[in-house]
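Working notes, beginning with the structure itself.
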Amino acid sequence: MHGKVLLIDPIATNRIVLRVKLAASHYQMTQAASIAEAMQAMAQNVPDLILCATDLPDGDPVRLLRRMRKAGLAGKVPIIALSGCDDDTDRLRLLAGGVDDVMQKPINDALLLARTRSIIRAYATASEWTLREGTSRALGFAEAATAFAPDQAVRIIARDMERAEPWATALRNRLSAKITFARPATAVADLEPGRAPDALLLLVEPHEGPQMLQLLATVRSQASTRHCAILAVLGSDNMTLGAQMLDMGANDMMRNTRSADEMALRLQALLNRKRVTDALRDTVKSGIEAAVIDPLTGLHNRRYAMPHLARIAERAARTGKPYAVMVADMDHFKRINDTMGHAAGDAVLVETARRLRENLRAVDLVARIGGEEFLIVLPGAGLSNARKAAKRLCSIIEATPFDVPEHTTQVNATMSIGMTVVDPVRGTKTAEPHTPEALLDRADKALYGAKSEGRNRVTLGRPAA
C-alpha cells in the first residue's frame with residue numbers, strides 16, 4: 001500500500017467514487033460520514049492523509065482540525081478539503097484555518113492523485129526528520145531552540161518582469177519575506193553561493209510546460225536548491241501539467257485566477273514548513289557531528305576513528321598498498337594541568353590538534369582517542385615515509401612553545417609516538433589479523449616503548465606483516 005487515506009463525506013456515492021479511484025492506486029481506504037465517525041476511525045488507525053468534504057453534518061474541516069488538535073493529531077496528518085462550490089472567501093477561510101489544500105469538485109483525477117502523493121511525501125519527510133531529531137535529543141545532542149528566525153526569501157520565476165510585478169507588489173504587502181525576480185533560464189544559474197531562496201513561485205504561461213518541468217528537475221537535483229519550497233501557478237486548463245509538476249517536486253499549486261491573498265497564505269504555509277524542517281535537519285546534522293567530533297579539539301573521536309581505520313585496512317587489503325597506524329601521546333601532560341590549570345592543558349591540546357591537522361595530508365586520519373592521546377593513520381605510507389612523518393610531527397610539537405591563557409610564560413611540550421606499519425605486499429599468510437583493535441594495540445605497545453626509552457621519540461612496534 002502507498003498510504004492510508006481517511007475519506008470523510010456524508011454522501012455515500014461520493015465516498016464510493018473516491019474510494020474506487022484511490023484504491024486502484026493502492027491506497028488503503030477508510031471511510032467516515034461525519035467528524036465523530038472520523039475521530040473514532042483515527043483512534044483505531046491514524047491515516048497518512050484525510051480527504052474531507054466541506055459540508056459535514058457536524059462541522060467542516062476547520063472543526064475537524066480543532067478536534068484533532070485536542071487529540072494531539074493536528075500537524076501530523078494533512079487534510080485536503082473537497083469543496084462543492086467555488087467560493088474565494090470560504091477557500092481562504094479553510095486555508096487560514098490550517099487545511100493543507102482545497103480542491104474544487106469535480107476533481108481532476110490525475111491532479112487528485114498527484115496532490116495526494118505530494119502531500120503524503122512531504123509529511124512523511126517531515127515526520128522522518130522529527131523522528132531523527134527526537135533521537136538526537138534523547139542522546140543529548142540537540143541544542144536549545146533559538147528564538148531568532150532569519151529573514152526568508154521568495155523568488156518569482158516568470159517570463160518577464162511585467163508578468164511578475166503585480167504578484168510581487170501584492171506579496172510584499174502580505175509577507176515579511178524578501179521578494180526577488182528571475183527568468184526561468186537563469187533562475188538557478190545566477191544564485192549566489194549559499195544564498196538560495198526559501199521558496200520559488202513559478203508563474204507558468206501556456207506552452208511553458210517543458211521549460212518549467214526542466215527547471216523543476218534542476219532545482220531538485222542541485223544541493224543548493226534541493227530543499228526550496230515550490231508553488232506553481234497555472235491556468236485552469238492546464239491541470240495535467242500541474243499534476244506532472246507536483247510529481248516532479250512542486251510542493252503546492254494554485255490557479256492563476258485566484259487572489260493574492262490565497263497565494264500569500266499558500267506561500268506562508270510553505271515557508272513555515274520549510275523553516276521547521278530546516279531546523280530539524282540542522283539539529284540532526286549537529287547531533288551526528290556531536291557523536292563523532294571531539295568538542296574540544298574539533299578532531300574526530302574514537303567512535304569515528306575505529307570504523308574509519310577498519311575501512312582503510314579493508315581498502316589496503318584490496319589494493320595492496322601499505323599504511324601506518326600511530327598513537328601519539330603528550331609527554332608529562334599531567335604536570336601542565338597540575339601546575340598551570342586545566343585551562344592551560346586544554347589550550348595545549350587544542351594547539352596540538354591544530355599542528356597535527358595542518359601537517360598531515362587531507363587523506364590522513366587524525367583523531368583524539370583519549371585525554372592527551374591521538375590516533376594518526378597514514379594511508380599509502382610505507383615504513384620509511386611513515387617514520388619520517390612521525391619524527392617531523394614530534395619536531396613540530398617540540399620546536400614551538402605553547403601559549404596558554406592567563407599566563408605570561410609559554411609552555412614547552414613534547415610528544416611520543418608509537419607506530420606500526422601494515423604492508424600487504426610484504427605480508428605472509430600467517431600474519432596477524434589487521435582489526436582496528438589489534439592495530440591500535442600494537443601501536444599502543446610501541447608507544448610504551450617510546451615512553452620507557454626517554455620520551456619525545458618515535459618507536460616502531462613489531463611490523464604488522
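Here, residue 1 is the first one in the sequence, and each next residue gets the next number. Because only heavy atoms are used, hydrogens play no part in the values below, and waters and symmetry mates are left out as well, while side chains stay in.
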Next item on the list: Any chance you could lay out the side-chain contact (heavy atoms from CB on, under 4.5 Å) test for I376 and L360, step after step, and finish with the verdict?
Entry: CA-CA 9 Å; I376 301 166; L360 290 168; 3.9 Å; yes
Check: So, is the end of the R355 side chain (NZ or CZ) under 6.0 Å from the ring centre of F402 and within 45° of the ring's axis?
Finding: yes
Item checked: Ion pair check, K321 and D423, cut-off under 4.0 Å -> no
Check: Are side-chain heavy atoms of L460 and L383 found at a separation under 4.5 Å?
Finding: yes
Notebook entry, point to check: Are D160 and R163 within salt-bridge range, i.e. N to O under 4.0 Å?
Noted result: no
Check: Salt bridge between D198 and R275, side-chain N to carboxylate O under 4.0 Å?
Finding: no
Item checked: L95 to D101 - nearest heavy-atom pair and separation -> CD2-CA, 4.1 Å
Check: Any side-chain heavy atom of R66 sitting closer than 4.5 Å to one from L64?
Finding: no
Next item on the list: For the pair D60 and R93, find out whether any cationic side-chain nitrogen is under 4.0 Å from an anionic carboxylate oxygen.
Entry: yes
Checklist line | Salt bridge E165-R172, side-chain N to carboxylate O under 4.0 Å | finding: yes
Note to self: Between R354 and E351, does any side-chain N to carboxylate O distance fall below 4.0 Å?
What the structure shows: yes
Notebook entry, point to check: Within the side chain of R368, is there an N or O that forms a donor-acceptor pair under 3.5 Å with the backbone of G371?
Noted result: yes
Next item on the list: Would you mind reporting whether I397 and T352 have side-chain heavy atoms less than 4.5 Å apart?
Entry: yes
Next item on the list: Give a yes or no on whether a salt bridge exists between R115 and D252, defined as a side-chain N under 4.0 angstrom from a carboxylate O.
Entry: yes
Checklist line | Considering all heavy atoms, the nearest L216-A250 contact | finding: CD2-N, 3.9 Å
Margin query: Restricting to non-hydrogen atoms, name the atom on K391 and the atom on V458 that form the minimum distance, rounded to 0.1 Å.
Written below: N-CG2, 3.7 Å
Check: Can you tell me if T225 uses its side chain to pair, donor with acceptor, with the backbone of V219 under 3.5 Å?
Finding: yes
Next item on the list: Under the side-chain hydrogen bond (donor to acceptor under 3.5 Å, both in side chains) rule, what do D329 and S416 come out as? Steps first, then yes or no, please.
Entry: CA-CA 5 Å; D329 187 87; S416 298; over 6 Å; no
Next item on the list: Identify whether the distance between the nearest side-chain nitrogen and carboxylate oxygen of R155 and D190 falls below 4.0 Å.
Entry: yes
Next item on the list: Only one of I156, L234, I157 passes side chain to side chain contact (heavy atoms under 4.5 Å, CB included) with L202; say which it is.
Entry: I157
Notebook entry, point to check: Roughly how far, to the nearest 0.5 Å, is the CD atom of E262 from the CG atom of L267?
Noted result: 10.5 Å
Margin query: Would you say Y27 and D48 are linked by a side-chain donor-acceptor pair, where the criterion is simply a distance under 3.5 Å?
Written below: no
